[in-house]
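Below is one structure, written out as structure tokens; comments come after it.
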Amino acid sequence: MIVVQNLIDAISLGSVYALAALGIGLIFSIMRLINFAHGELIMVGGFVIYALAGNPMLVMALSAIIVVTILALGMERLAFRPLRKASPPTLLIASFAVSYFVQHVILMIFGSRPMGVDFLSVLGESFEFAGLRVPRLQCIAIVVTLALMVGLVVFFRASRIGVQMRAAAEDFTMARLLGVKADRVIAVAFALSGILASFVSLYLVAQTGTVSYKMGVNMVLIAFVASVIGGMGSLTGAALGGFIVGIVSVSLQAYLPEELRPYRDAFVFLLFIAFLLWRPQGLLVRRASERV
Amino acid sequence: MTGEAGVATASALEVAGVVVNFQGLRAIDDIHLTLRPGEILGLIGPNGAGKTTLINVLTGFQVPDHGSVALNGVDLLPLKPHQRSRLGLVRTFQNVLPFAGLTALENVEAGAMATGMARGAGRAWAMEVLGRLGLADKAARRVDTLPFGEERRVGIARAVAMKPKFLLMDEPAAGLNDAEAEELQRVVAGIVAEGECGVLLIEHRMPLVFRLCHRIQVLQHGATIALGTPEEIRAHNAVRAAYLGDEAV
């Protein structure tokens, strides 16, 4: 029974990591930008919920989604579009700058102390069946993640802009030659990553009941690790990587000796280093040299 | 040849007096070229003769130091590559393969969308193009699971789906086996017959070039050393000496 319980924990945590990793992977696959400011999208979503505390849940959630999406579009327009032709390292550094900028704006407005917020706390209660206690939030996280993923798949396969985005992700220059509009494809990618980030905000705030200007940092690191494990540039890989990191984290939490558990993340990253030595290109990406 | 009296200017791809220097090295030296609708013009010459550089000038990846490039009388030089492709000047690349993670149909659809077609019309047109190129039964396959020759043909189908007025093909037969090259020959001849489109063909396989092309232009050291029908080129002494050697053609 405890195994099943852990498995559900792992899948629900993994699904949240997968959402965060998808947001990073989506932007990377199209413009080779590793967007560390993605964590700040998640964080700002949290603060929108905090600022609107007391309003109906739906208002808080929708506002978070809308504000974060607009913020993502704004980042693209103001910070990354002028750097469109810059090298990946330049883009990465720029994303750190955006990240620190947003963090410190929030720090100036709200201060540095974590603040409590009552959001969907009713979901902390558990379903009980067959001796299992499953918090509602975990079930909802799994269902919402799966729904978002199905939505993404349909979008990428069935819509015109979706096919164009996949073409751009494979070969941006060639896609442009085919008349794919770069500005539009990239803007849509940022909007989607904003939507994905806002759902991570909803989960984090509902789960922890707090917001802080640093709350996106850890999540973005884990999401980055997850997308590297799956293979940078592969969206399926990013989702898979998210689930793997979730499963590994929960397993370590459950099976490490008690006195080592506080250092769980150190073991996660240690395993990640070992993984990189074994398969640096990630699980779902072929080495460039395999294809001539 | 026909059309020497300037009649061709109304509807043709025209290159006049193009010069390209690479750090003091003259890659292209005063080249003139005319490609008419419905014509296959072969561009041959030894490695380094300037063939790919010339295609880069045509498609906007290389800015020439002198000269002009015009499509049906429109000056192309101020235009970016994707603007040129929208005008109907489409290129296939030597080393660039189709979008690997997309299906054959989606690849060709991406080309169809470039013409501004809606999703449904684009899909129907893409299916038609795949059929023409003998790929109808491969439509749903991911491109990276196809044999090399078919993958190459998907790339050509993608270009054809853009309804080009002029198609520039950079070594389409490179790396193909003989059967695949034979198939390619049929495909290129079909494109010209169906679409009234002009094809500029860069290719190292001489038998293919001589069978397929209406005219052949020979470059050496960035300059044109011969221009004529396949028969004329075959008989041309300077070309034999410069390039063809004893190769059977």
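Heavy-atom basis, side chains included; hydrogens, waters and symmetry copies ignored. It should be emphasised that the depicted structure is a prediction, and the values quoted were computed from it without experimental measurement. Letters go in sequence order (proteins before strands), and every chain restarts at 1.
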Practice problem: Start with the C-alpha distance between Phe61(B) and Leu177(A), add both sets of side-chain angles, then the distance that settles side-chain contact (heavy atoms from CB on, under 4.5 Å), and finish with yes or no. | Solution: CA-CA 11 Å; Phe61(B) 288 91; Leu177(A) 276 180; 3.7 Å; yes

Quiz prompt | Residues Phe99(B), Val163(A); criterion side-chain contact (heavy atoms from CB on, under 4.5 Å); working and verdict | solution = CA-CA 11 Å; Phe99(B) 304 121; Val163(A) 173; over 6 Å; no

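Going from atom CZ of Arg157(A) over to atom OG1 of Thr103(B) covers 8.0 Å, rounded to the nearest 0.5 Å. In this structure, the separation between NE2 on His82(B) and CE on Met174(A) is 13.5 Å, given to the nearest 0.5 Å.
When Met113(B), Glu106(B), Gln83(B), Arg86(B) are compared by the number of non-hydrogen pairs under 4.5 Å with chain A, Met113(B) comes out ahead.
Only the backbone of Ser159(A) comes within contact range of chain B, with at least one heavy atom under 4.5 Å from a heavy atom of that chain. For Ala169(A), no part lies near chain B; criterion is any non-hydrogen pair under 4.5 Å. Proximity to chain B (any heavy atom under 4.5 Å) is shown, for Val180(A), by neither the backbone nor the side chain. Neither the backbone nor the side chain of Ala159(B) comes within contact range of chain A, judged by heavy atoms closer than 4.5 Å.
In terms of heavy atoms, Ala110(B) sits closest to Leu178(A) at CB-CD1, 4.0 Å.
Side-chain N or O atoms of Glu170(A) include one that pairs as donor or acceptor with a backbone N or O of Gly101(B) at under 3.5 Å. At least one donor-acceptor pair under 3.5 Å links the side chain of Arg160(A) to the backbone N or O of Met117(B).
In this structure, Arg77(A) places its CZ atom where only 12 or fewer heavy-atom neighbours from other residues, nucleotides or ligands lie under 6.0 Å away.
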